[in-house]
Amino acid sequence: GLVEAWARGSTWTDLISNTSLDEGDVVRILRRTNDLLSQIPYCESVSRQLRNNAKAAMKLMDRFPVCEAEDINQANELIKTAIQHFGKLDILINNAGNNIPEHFTKVKTKDMEHMVKINTIATFNLAHICALKMIKSKNRKKIGGSIVHMSSQLGRVGCEGRNVYNMNKFGVEGLSRGMACELAPYNIRVNTICPTFVETPMVKKFFKNKKFKNKMLKNIPLGRVAKESDVATAVAFLAADSSEMITGTSLLVDGGWTAQ
């Protein structure tokens, strides 16, 4: 899983519409593997300047070592280091996750506990750490803040072979709503992104099973899986000032799966 925290210099309205981005705008604080950095998607509408500056920002990650998201001590230290370097933390993209598909009757305890640790406990811990840091930031009510949890369409509906993942993501949905109510007085918004299957290495591995792939695609009215850029666009929107009145809800990027 990958956890991302963002430090902001200019406003997110600038980031989306004017692309006045500097190195402090896009920072990935926690990462499971260095290879994932080369797969970061950007919207087609984002200018070449934004892409170039984003690459410059990614080079800063050499200062931040690989971290296990479920290790609260490592998470604490990296968040602390990032804030010391960039001055503040305004946005968290909480994107740690893993999935081990198994029929409910065959779920192994060690697999269940591993998924709960990453998908639920690590998600909670990082959100807790960052929320406390955000609250303490000067002028928080004026500046605002945004926490975006990466959930799933399976936080809204069930799916065979995904029982533990269902449990995890339904939990994230509940956590997000509770946080939204309690952090609203600080002008910190909390929402989730709920994608369908996305073109990632993990999904490509699952879709090697042609029968499973065809069955899943039939559940998506648009008839295709999501691209990483589809999810990135949704994340950018919820992180941006343009969604300043949106909190405690989910943005479904599921091709119509949950509309049926």
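What you are looking at is a predicted structure, and each value in this text was computed from that prediction instead of being measured.
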- request: Classify the side-chain pair Ser176/Thr192 by whether it contains a donor and acceptor separated by less than 3.5 Å.
  value: no
For the pair Asn187 and Glu244, evaluate side chain to side chain contact (heavy atoms under 4.5 Å, CB included) and give the outcome as yes or no after the intermediate values.
CA-CA 9 Å; Asn187 197 20; Glu244 64 181 5; over 6 Å; no
- Message: Hydrophobic clustering (ILVMFWY, side-chain heavy atoms < 4.5 Å, transitive) - are Tyr186 and Ile83 grouped together?
- Response: yes
Scanning both residues in full, the closest heavy-atom pair of Tyr165 with Met115 reads N-CE, 3.7 Å
For Ser243 and Ala240, the nearest pair of non-hydrogen atoms, with its separation, is OG-O, 3.0 Å
Does a side-chain heavy-atom distance below 4.5 Å link Ile135 with Ile188? yes
Is the shortest side-chain N to carboxylate O distance from Glu173 to Arg177 below 4.0 Å?
yes
Open item on the list: Donor-acceptor check, side chain of Asp254 to backbone of Thr196, threshold 3.5 angstrom: yes or no?
Closed with: no
**Prompt:** So does Asp90 pair up with Arg140, basic N to acidic O under 4.0 Å?
**Reply:** yes
Going by distance alone, is a donor N or O of one side chain under 3.5 Å from an acceptor N or O of the other, for His149 and Ser151?
no
Side-chain heavy atoms nearer than 4.5 Å, only ILVMFWY residues, links allowed to pass through others: does that put Met202 and Val253 together? no
Next on the checklist: Could you check whether any side-chain N or O of Asn214 sits under 3.5 Å from a backbone N or O of Lys210, counting only pairs where one atom can act as donor and the other as acceptor?
Outcome noted: yes
Leu238 and Ser146 have their tightest heavy-atom pair at O-OG, 2.9 Å
- Taking side chain as C-beta onward, heavy atoms only, is Leu92 less than 4.5 Å from Met134? yes
For Asn119 and Val172 the tightest heavy-atom approach is O-CG2, 3.7 Å
ILVMFWY cluster, Phe197 and Val157 together (side-chain gap under 4.5 Å): yes
Asn94 (side chain) donor-acceptor with Thr123 (main chain) under 3.5 angstrom
yes
CD of Glu199 to CG of Asp230, rounded to nearest 0.5 Å, is 8.5 Å
What one should report as the nearest heavy-atom pair of Thr247 and Arg189 is OG1-CA, 3.4 Å
Q) Phe104 and Val164: same hydrophobic cluster, using ILVMFWY side-chain contacts below 4.5 Å? A) no
- Message: Just so I know, are the side chains of Cys194 and Ser152 near enough to count as touching, which here means a heavy-atom distance under 4.5 Å?
- Response: no
Determine the interplanar angle of the Phe206 and Phe212 rings, folded into 0 to 90°, and report it as parallel if under 30°, tilted if 30 to 60°, perpendicular if over 60°. perpendicular
Next on the checklist: Is there a path of hydrophobic side-chain contacts, each under 4.5 Å between heavy atoms, that joins Val235 and Val203?
Outcome noted: no
Task: pair Ile147-Leu183: side-chain heavy atoms closer than 4.5 Å - done: yes
* Any side-chain heavy-atom pair from Trp257 and Leu252 closer than 4.5 angstrom? -> no
So, does Asn191 use its side chain to make a donor-acceptor pair with the main chain of Thr249 at under 3.5 Å?
yes
NZ (Lys205) and NZ (Lys208) are apart, to the nearest 0.5 Å, by 8.0 Å
message: Is the shortest side-chain heavy-atom distance between Val148 and Ile193 below 4.5 Å?
response: yes
Taking the side chain as everything from C-beta on, heavy atoms only, tell me whether Ile72 gets closer than 4.5 Å to Ile129. yes
Heavy-atom closest pair (Pro195 atom, Met150 atom, distance to 0.1 Å) is CG-SD, 3.8 Å
Sorted by chain and number, sequence neighbours left out, salt bridge (charged side-chain N to carboxylate O under 4.0 Å, His left out) with Lys108 holds for Glu102
query = Is a side-chain N or O of Asn139 found less than 3.5 angstrom from the main chain of Ile143, in a donor-acceptor match?
reply = no
Has Thr120 got a side-chain atom pairing as donor or acceptor with Lys117's backbone, closer than 3.5 angstrom?
no
Salt bridge (charged side-chain N to carboxylate O under 4.0 Å, His left out) filter on Lys215, not counting sequence neighbours, yields Glu160
Between the CG atom in Leu89 and the CG atom in Leu132, the distance rounded to the nearest 0.5 Å is 11.5 Å
Distance col, row Ile118:CD1 vs Ile100:CD1, nearest 0.5 angstrom, shows 8.0 Å
Sorted by chain and number, sequence neighbours left out, ring-ring contact (aromatic ring centres under 6.0 Å, His included) with Phe124 holds for His128
* Quick one: do Phe207 and Val225 satisfy side chain to side chain contact (heavy atoms under 4.5 Å, CB included)? Show the steps, please. => CA-CA 11 Å; Phe207 276 10; Val225 298; 3.4 Å; yes
Assess the side chains of Asn98 and His114: does a donor N or O sit below 3.5 Å from an acceptor N or O? yes
Do Gln153 and Thr258 have a side chain donor and acceptor closer than 3.5 Å?
no
